[in-house]
Number of protein chains: 2
Amino acid sequence: MKHDLKAKNILKSAMLYCTKPRNDILKVLIVAKTPLTQKQITEKLGKNQHNKTTIYRTLRTLAKKDLVHKAYIHKKASHFELAENCGKTRCHPHFTCSNCGKTICLTDISMPLIKGLKKGFVLQRQKLQLLGLCPDCSS
Amino acid sequence: MKHDLKAKNILKSAMLYCTKPRNDILKVLIVAKTPLTQKQITEKLGKNQHNKTTIYRTLRTLAKKDLVHKAYIHKKASHFELAENCGKTRCHPHFTCSNCGKTICLTDISMPLIKGLKKGFVLQRQKLQLLGLCPDCSS
DNA sequence: TATAATTTGCAACTTAGTTGCAATTTAAAA
DNA sequence: TTTTAAATTGCAACTAAGTTGCAAATTATA
Ligand SMILES: [Zn+2]
Ligand SMILES: [Zn+2]
Ligand SMILES: [Zn+2]
Ligand SMILES: [Zn+2]
């Protein structure tokens with residue numbers, strides 16, 4: 001149960017109550033390869049079902065501690081992922097296929113931080129969203 | 001009625017029926033300084049009210065012709081703007097204040113196009129979203 | 001003016017996400 | 001271990017953005 005331990009540690013380090021819903025949801029996010037919606041998390045929870053309110057609240061709690069990011073919104077649904085592949089103020093880019101809807105995390109491509117922000121602006125997070133055709137749909 | 005003429009020309013160039021709803025909605029977008037939601041467009045329409053379905057359909061029609069962009073989503077609501085301040089595949093960045101919710105169009109700041117996309121990916125549009133504190137909220 | 005094609009308005013619907021509250025669970029003290 | 005206070009959960013009811021089907025109205029063209 002390597003992921004179970006990791007989930008527990010994440011919660012402990014963030015000084016959060018270690019509950020079964022949080023643990024289960026974190027484990028789903030740990031093994032996920034792309035950001036997930038509440039619905040997708042519910043599907044992946046399998047027999048460890050939890051109320052959708054609990055899932056939304058857990059995601060918000062984890063996001064407040066910057067452990068989870070709302071990566072992007074697609075078809076009205078927010079997609080969440082662990083923050084571990086993002087920098088302090090910069091997230092990795094996400095490429096969404098306008099044909100099939102699939103999204104790919106570009107964890108190996110980085111964009112420079114924006115330059116030239118006028119005085120007074122404090123940047124907390126930079127997100128890059130790419131739309132286009134994925135390899136499957138462009139051939 | 002300079003804006004009226006501009007709206008008419010936009011519709012004509014795109015080979016779209018020139019109807020009163022489309023004209024009115026376009027005029028609102030022409031004078032807007034930031035992206036607007038359907039609700040905000042309705043407010044700015046004043047006495048030229050149109051059904052919300054019509055507004056959504058008009059926005060979709062204009063977006064299909066790349067005259068309008070869904071710039072970003074904030075608090076579950078899509079925000080639309082004219083595409084005229086965006087490049088062919090690159091939109092100008094948007095800075096949203098996490099404190100007051102205000103959004104600023106950074107039309108004078110440009111980010112390089114992403115490099116290093118793997119073979120097969122076809123980029124259609126690049127969007128940059130910035131979150132942080134605006135000058136009013138950072139002092 | 002007549003005609004065909006397109007667009008509009010309405011009402012009903014879908015669905016992501018939120019809220020209040022009572023019941024349950026957690027963590028830490030006794 | 002038992003007790004206790006604080007935090008979390010589940011439920012049902014709700015909010016609100018956006019969509020759909022269809023009849024009526026409008027547009028462009030001849
Ligand atoms: Zn695709
Ligand atoms: Zn990602
Ligand atoms: Zn602000
Ligand atoms: Zn803008």
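Just so we're clear, the structure is a prediction, and the values are computed from it rather than from any experiment.
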Considering only NZ, NE, NH1 and NH2 on the basic side and carboxylate oxygens on the acidic side, decide whether B:Lys47 and B:Asp24 come within less than 4.0 Å.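 Judged by the 4.0 Å cut-off on N to carboxylate O distance, B:Lys47 and B:Asp24 do not form a salt bridge.
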Could you check whether B:Gln124 and A:Ser98, counting side-chain N and O atoms only, form a donor-acceptor pair closer than 3.5 Å?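 There is such a pair between these side chains.
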Which value, rounded to the nearest 0.5 Å, describes the distance between B:Leu128 atom CG and A:Leu128 atom CG?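 Result: 5.5 Å between the selected atoms.
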Please list, chain by chain and in numerical order, all residues satisfying ring-ring contact (aromatic ring centres under 6.0 Å, His included) with A:Phe95, sequence neighbours excluded.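 By the ring-ring contact (aromatic ring centres under 6.0 Å, His included) rule, A:Phe95 matches B:Phe121.
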Answer with yes or no whether the side chains of B:Glu81 and B:His94 bring together a donor and an acceptor at under 3.5 Å.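 Yes, B:Glu81 and B:His94 have a side-chain donor paired with an acceptor closer than 3.5 Å.
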When the distance from NZ of A:Lys52 to C1' of C:dT15 is rounded to whole Å, what number comes out?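 Atom-to-atom, A:Lys52 to C:dT15, this comes out as 8 Å.
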Reckon B:Thr37 touches a base, only the sugar-phosphate, or nothing at all at heavy-atom distances under 4.0 Å?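 The answer is nothing, as B:Thr37 stays clear of every strand by at least 4.0 Å.
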Between which nucleotides of DNA chain D, 5' to 3', does chain B make heavy-atom contacts below 4.0 Å?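 On DNA chain D, the outermost contacted nucleotides are D:dA17 to D:dA28.
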Would you jot down, in residue-number order, the residues of residues 11-25 of chain B having a non-hydrogen atom under 4.0 Å from DNA chain C?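 By residue number: B:Tyr17, B:Thr19, B:Pro21, B:Arg22.
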Flag yes if more than 12 heavy atoms outside A:Lys20 fall under 6.0 Å of its NZ atom; otherwise flag no.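 Counting neighbours around NZ of A:Lys20, more than 12 heavy atoms of other residues, nucleotides or ligands fall under 6.0 Å, so yes.
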Expected output is a numbered-order residue list: members of residues 53-66 of chain A with a heavy atom under 4.0 Å from any atom of DNA chain C. What is it?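 When residues 53-66 of chain A is checked for heavy atoms under 4.0 Å from DNA chain C, the hits, listed by number, are A:Thr53, A:Tyr56, A:Arg57, A:Arg60.
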Under the side-chain contact (heavy atoms from CB on, under 4.5 Å) rule, collect the residues that match up with A:His74, sequence neighbours excluded.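 A:His74 satisfies side-chain contact (heavy atoms from CB on, under 4.5 Å) with A:Tyr72, A:His79, A:Thr96 once adjacent residues are dropped.
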Taking side-chain contact (heavy atoms from CB on, under 4.5 Å) as the definition, give me every residue that meets it alongside A:Lys64, ordered by chain and number, with sequence neighbours left out.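 A:Lys64: no side-chain contact (heavy atoms from CB on, under 4.5 Å) contacts found.
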Can you say whether a donor on the side chain of A:Lys76 sits under 3.5 Å from an acceptor on the base of C:dG17, or the other way round?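 Donor-acceptor pair under 3.5 Å: no.
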In whole Å, what is the span from the CG atom of B:Asn48 to the P atom of C:dG9?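 For the pair B:Asn48 CG and C:dG9 P, the rounded distance is 12 Å.
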Salt-bridge present (A:Lys88, A:Asp66; N to O < 4.0 Å):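 Not counted as a salt bridge, because no side-chain N and carboxylate O are separated by less than 4.0 Å.
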